[in-house]
Number of protein chains: 2
Amino acid sequence: MTGKTDTRSRILDIAEAAVLEKGFEATSIEEIVAGAEISRGGFFYHFKDKNALARAMLERYIEVENALYDDLFARARELNDDPFHCMLIGLKLLAEMLEEMPTGHPGCVIASTAYQDRLFDDGVRELNRQAILGWRKRFRGMFEEIAEIYEPREEVNLDALGDMVSGVVEGGLVLQRALREHNNASEQIMLFRTYLKLLFSPK
Amino acid sequence: MTGKTDTRSRILDIAEAAVLEKGFEATSIEEIVAGAEISRGGFFYHFKDKNALARAMLERYIEVENALYDDLFARARELNDDPFHCMLIGLKLLAEMLEEMPTGHPGCVIASTAYQDRLFDDGVRELNRQAILGWRKRFRGMFEEIAEIYEPREEVNLDALGDMVSGVVEGGLVLQRALREHNNASEQIMLFRTYLKLLFSPK
DNA sequence: GCGTCAACTGGACTCACGGTACAGTGGGGG
DNA sequence: CCCCCACTGTACCGTGAGTCCAGTTGACGC
């Protein structure tokens, strides 16, 4: 027993799976309560409305995603202490991870939320925004470290380059989803990796 | 008078504006008919359901987008006959165009549709898919031309590189939308342009 | 053993929205 | 003069979100 909020997290599990597969609007509370084997009243006991569910899902998703990046680049750092090579290894690991996802992809909740944001309140929108800003900061920091050692061959805005990691992942997932192919996202990440190789490799 | 389908295109105008601002689900038929000053019956006379509306919107959007790319790269070609420089100019023009959009962005319908695709039928999904495949083909063709003259410094899959144009635009628009900033999409395109410069520039 | 509180169940209800059906209408063309 | 296209207007249905609330069940403190 995981304590008092056993049901709550079960709801989140079911909801997340359904939302990633079909989108937020297409997921009814009815099917969530059926999947979680609770009553409608039970659902609204935990979440005052669908918006509260979205927020909780997003919070959890962002936390998991951040932990994933932490882990990924920590492993990369173990393999190579140089920030540039660490970055290259980390991106490779990320690409491999996306490829291994059996269902194809987790289908980033961020993009999904961004394009339906009028369904949600300011809290959800802000959460989304802060997540991306967090990734910007994370990757910008890594690129700064790299740039100190390897002078970039072309001048680039490091904030924008940091955003590009998120952007390439998001964009790749959109392609993957729309094309119904399997490794567009990982392919896009590998292309981005090639970019970094060209950008930071010494002349 | 533009002919028999005056009202139909007015509906599409209103709907497109609303959908780009708020998303498809958040746009009610009620508000569309109010905006277009017609009756509900009138709406369903032109579109059998919301799905038909989505399909028509997507068709029109893709057509406009393709015409835009045609025009953009035709203008670029006038300025420079070399395929590589033409590409660089075209991307610059694209970035400038995105920046000039007063409201910030058109908010790509493709990504929006991709993430809510369970609301739509196979026709809509296929339309979406074909649009992206069309862009892949277009840009792949251009990159092939370039690669014939300028040998890439690193080996890249040209299909994936073609997809990257769409991906960077889509991803940039997602960032822009989520961050509520103004030129993320154009910044991302310019970064991609730098990528191409590094990739194809002679040693 | 008794009360109480959290975590529900279940049912009745409202409202918004998508969608159907269909009868009627006005105006331009043959 | 009639017909038909492009609607209007109204009535109606189903679904799903969200509200309200009365009642149940089981763990825990006393």
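Quick note on labels: first sequence line is chain A, next is B, and so on, each numbered from 1.
Between the NE2 atom of B:H46 and the P atom of C:dG19 there is a distance of 17 Å, rounded to whole Å. B:F43 has its CZ atom 8 Å from the P atom of C:dG19, to the nearest Å. Computed from coordinates, the B:R8 CZ to D:dC5 C1' distance equals 15 Å when rounded to whole Å. Remark: C1' of D:dA17 and CG of A:D49 are 9 Å apart, rounded to the nearest angstrom. Rounded to whole Å, the distance from NZ on A:K50 to P on D:dG18 is 7 Å. At whole-Å resolution of the value, CG in B:L53 and P in C:dC17 are 16 Å apart. If you measure from atom CZ of A:F24 to atom C1' of D:dG16, you get 13 Å, rounded to the nearest angstrom. Rounded to an integer number of Å, the gap from A:F44 CZ to C:dA12 C1' is 15 Å.
When the shell of 6.0 Å around NZ of B:K92 is examined, it contains 12 or fewer heavy atoms from other residues, nucleotides or ligands.
Of the candidates C:dT20, D:dT19, C:dT9, the closest approach to any side-chain atom of A:I38 belongs to C:dT9. Comparing atom distances between the A:S39 side chain and each of D:dG18, D:dT8, C:dT9 picks out C:dT9 as nearest. Distances from the side chain of A:T7 to the nucleotides D:dG18, C:dC8, C:dT20 place C:dC8 closest.
Comment: A:E96 does not engage A:R75 in a salt bridge, judged by the lack of any side-chain N to carboxylate O separation of less than 4.0 angstrom.
On a pure distance criterion of 3.5 Å, no polar donor-acceptor pair joins the side chain of B:R40 and the base of D:dG9.
A distance-only check finds a donor-acceptor pair linking the side chain of B:Y195 to the backbone of A:L191 [under 3.5 Å].
The aromatic rings of B:F192 and B:F143 lie perpendicular to each other, with more than 60° between the two planes, well past the 30° mark.
Contact annotation: B:Y45 side-chain N/O to D:dA6 OP1/OP2 distance is under 4.0 Å.
When ring centroids are compared, B:Y115 and A:Y115 stay outside the 6.0 Å threshold.
Nearer the 5' end of DNA chain D, as judged by each residue's closest nucleotide, is the contact made by A:I29, out of A:G41 and A:I29.
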